[in-house]
Amino acid sequence: MTAHFYGVELSSPLMLGTAQYPSPDILRDAVQAAQPGVVTVSLRRESAGERAGQAFWSLIRELGVPVLPNTAGCHTVKEAVTTAHMAREVFGTEWVKLEVIGELDTLQPDVFGLVEAARILSEDGFKVFPYTTEDLVVAERLLAAGCDVLMPWGAPIGSGKGLNNIFGLRALRAHFPDVPLVVDAGIGVPSHAAQALELGYDAVLINTAVAKAGDPAVMARAFRLAVEAGVLACVADPMEERDMAVPSTPVAGKAMLA
Amino acid sequence: MTHTPRILVKGAGVAGMTAAVTLAERGGVVTLYEPGGRVGAGASWMAGGMLAPWCEAESAPPEVTAQSVDSVDWWEAHVPNVVRAGSLVLAPPRDSGEIARFGRRTTHFETVDGAEIARLEPDLAGRFHKGLFFADEGHVDPRRALVALLARLESLGGKAVFSAADAPDDAAFDWIVDCTGLNVRQELPTLRGVRGEMLLLRCPDVVLHRPVRMLHPRIPIYIVPRADHVFMVGATMIESENAGGMTVRSMTELLNAAWVLHPGFAEAEILEMGTGLRPSYPDNMPRVVREGNHVFVNGMYRHGFLLSPARAREAADMIFGNSVGNAG
């Protein structure tokens with residue numbers, strides 16, 4: 001059961017980034033093992049000029065998985081908008097994962113620029129997937145700007161720290177039950193991905209955790225299994241946590257200690 | 001074959017020069033042709049020249065290490081100024097986790113502490129507290145090495161043609177060994193270019209004895225000492241075939257790594273900014289492919305100096321058969 005992203009149902013709640021793999025062959029192996037619903041691809045600006053990234057982009061297209069171009073590495077609204085236009089031209093899709101980086105060290109999103117860029121791009125017909133924080137107010141603004149999907153971070157990009165603010169992510173899920181939500185960034189191991197889906201998130205986006213694993217294809221498979229587990233767990237309606245043990249056999253008639 | 005084979009080697013980058021010398025040593029009558037006007041007109045001129053079979057295992061498949069363990073011996077036997085002082089792998093304190101990861105993926109190193117780092121590289125004393133030292137690795141200045149290989153080829157009776165006006169006729173040769181990288185994309189359609197950018201700095205204030213790799217989760221950079229206080233800082237890896245000038249972003253990343261390694265680099269003179277496209281196959285491994293009497297040696301990716309001796313040997317085996325010196 002996968003949510004619809006701008007009217008499209010993905011074949012898997014796993015979104016896989018295509019950067020930083022040891023080789024295009026290993027990237028392809030990882031994609032085959034992960035069976036992701038989409039692959040993301042970044043358009044560094046020097047690649048886009050004169051179609052210099054063509055060889056690599058052809059490899060991405062040949063993966064046979066829907067492509068979600070991103071604006072990774074953009075620091076201003078103008079840069080992000082320009083990159084999105086290049087992406088639309090190169091990949092022939094209105095979908096764009098919008099990143100406007102606000103802080104160089106943590107790669108934290110510039111949420112003000114993000115809302116602005118999302119508005120400009122949405123008005124121009126783009127289907128925007130904004131990389132944001134778990135902030136509810138920012139989320140409201142992004143939806144008002146025309147986004148129908150939100151991609152809050154789990155933790156800073158590439159940190160592998162997992163879901164840093166699980167309460168915030170839960171609140172976001174509860175607040176926007178009908179908006180497709182994707183945890184993007186910070187996922188380090190498959191259990192983090194499973195946890196996001198157990199919380200009711202609709203998808204997870206992973207790149208570094210697979211690309212920088214010792215064996216990316218094996219890790220990709222681990223993530224595929226983890227998202228499957230996470231989706232099933234969510235559907236199955238997990239038990240409630242408690243502070244006290246619940247004995248599985250009756251205690252009546254036994255000596256009460258302490 | 002009933003006579004000494006006449007071989008035309010096209011391309012005077014590291015693949016072409018190692019092939020030409022190896023073929024001449026095996027008894028071929030070798031003509032080298034490079035329309036670019038000089039040795040190293042392509043990506044090889046921008047190379048780091050690290051002969052690091054074990055460090056490369058961090059991101060390259062095990063074959064890279066297996067095929068390059070004797071690479072430093074080959075270079076030492078063929079060109080002067082090969083340095084065998086090992087490689088040092090370091091990370092800024094906040095990225096020290098990267099050292100652990102690098103160590104898990106590689107072998108043939110010892111973990112070094114601050115005192116040992118200071119003993120190896122006195123100028124880095126007090127700056128780093130943990131690193132990996134790969135004692136058996138080496139490095140070479142790629143430009144001097146290519147020039148030395150040309151001299152060696154000529155001393156073996158080989159001829160070199162550096163002008164398109166004098167282009168040799170393929171028909172005059174028994175074998176054509178094509179080492180022209182991205183020029184033969186028509187013939188080798190899976191080739192692509194991977195952009196790399198590098199800097200040459202002159203910095204009398206810092207002395208290093210061996211290549212230093214500065215680990216970073218996104219932007220790993222290495223600094224290779226050359227003669228006369230010159231350092232090569234490289235290299236970006238961008239999936240792009242734009243061979244245009246270096247970007248500010250890349251420049252900043254390269255300079256930042258040098259500065260973090262040692263603040264003395266702040267005073268360095270920037271001698272050169274270089275951009276090159278590494279010819280690469282989809283698995284980023286070089287190949288030797290034969291079609292009739294054409295042998296293509298290509299796809300060196302970032303491993304030209306490391307892997308070209310083995311690929312040259314492979315090409316020579318194709319042409320001469322496996323037994324050394326058998327030209328009959």
> Does any heavy atom of chain A fall under 4.5 Å from the side chain of B/R185, the backbone, both, or neither of them?
Replying inline: side chain
>> Restricting to non-hydrogen atoms, name the atom on A/T208 and the atom on A/G158 that form the minimum distance, rounded to 0.1 Å.
In response: OG1-CA, 3.9 Å
> Checking heavy atoms, do the side chain of A/L27, its backbone, both or neither come under 4.5 Å from chain B?
Replying inline: neither
>> So for A/I60, is it side chain, backbone, both, or neither that comes closer than 4.5 Å to the heavy atoms of chain B?
In response: neither
> Does B/R313 pair with B/D70 as a salt bridge, N-O distance under 4.0 Å?
Replying inline: yes
>> Would you say that more than 12 heavy atoms from the other residues, nucleotides or ligands in this model lie under 6.0 Å from the CZ of A/R224, or not?
In response: yes
> Taking A/S23, A/A19, A/S58, A/G214 one by one, which has the highest count of heavy-atom pairs under 4.5 Å against chain B?
Replying inline: A/S23
> After noting the C-alpha distance and the side-chain angles of B/E197 and B/T236, does the key distance pass the side chain to side chain donor-acceptor pair (under 3.5 Å) rule?
Replying inline: CA-CA 5 Å; B/E197 296 146 295; B/T236 55; 2.5 Å; yes
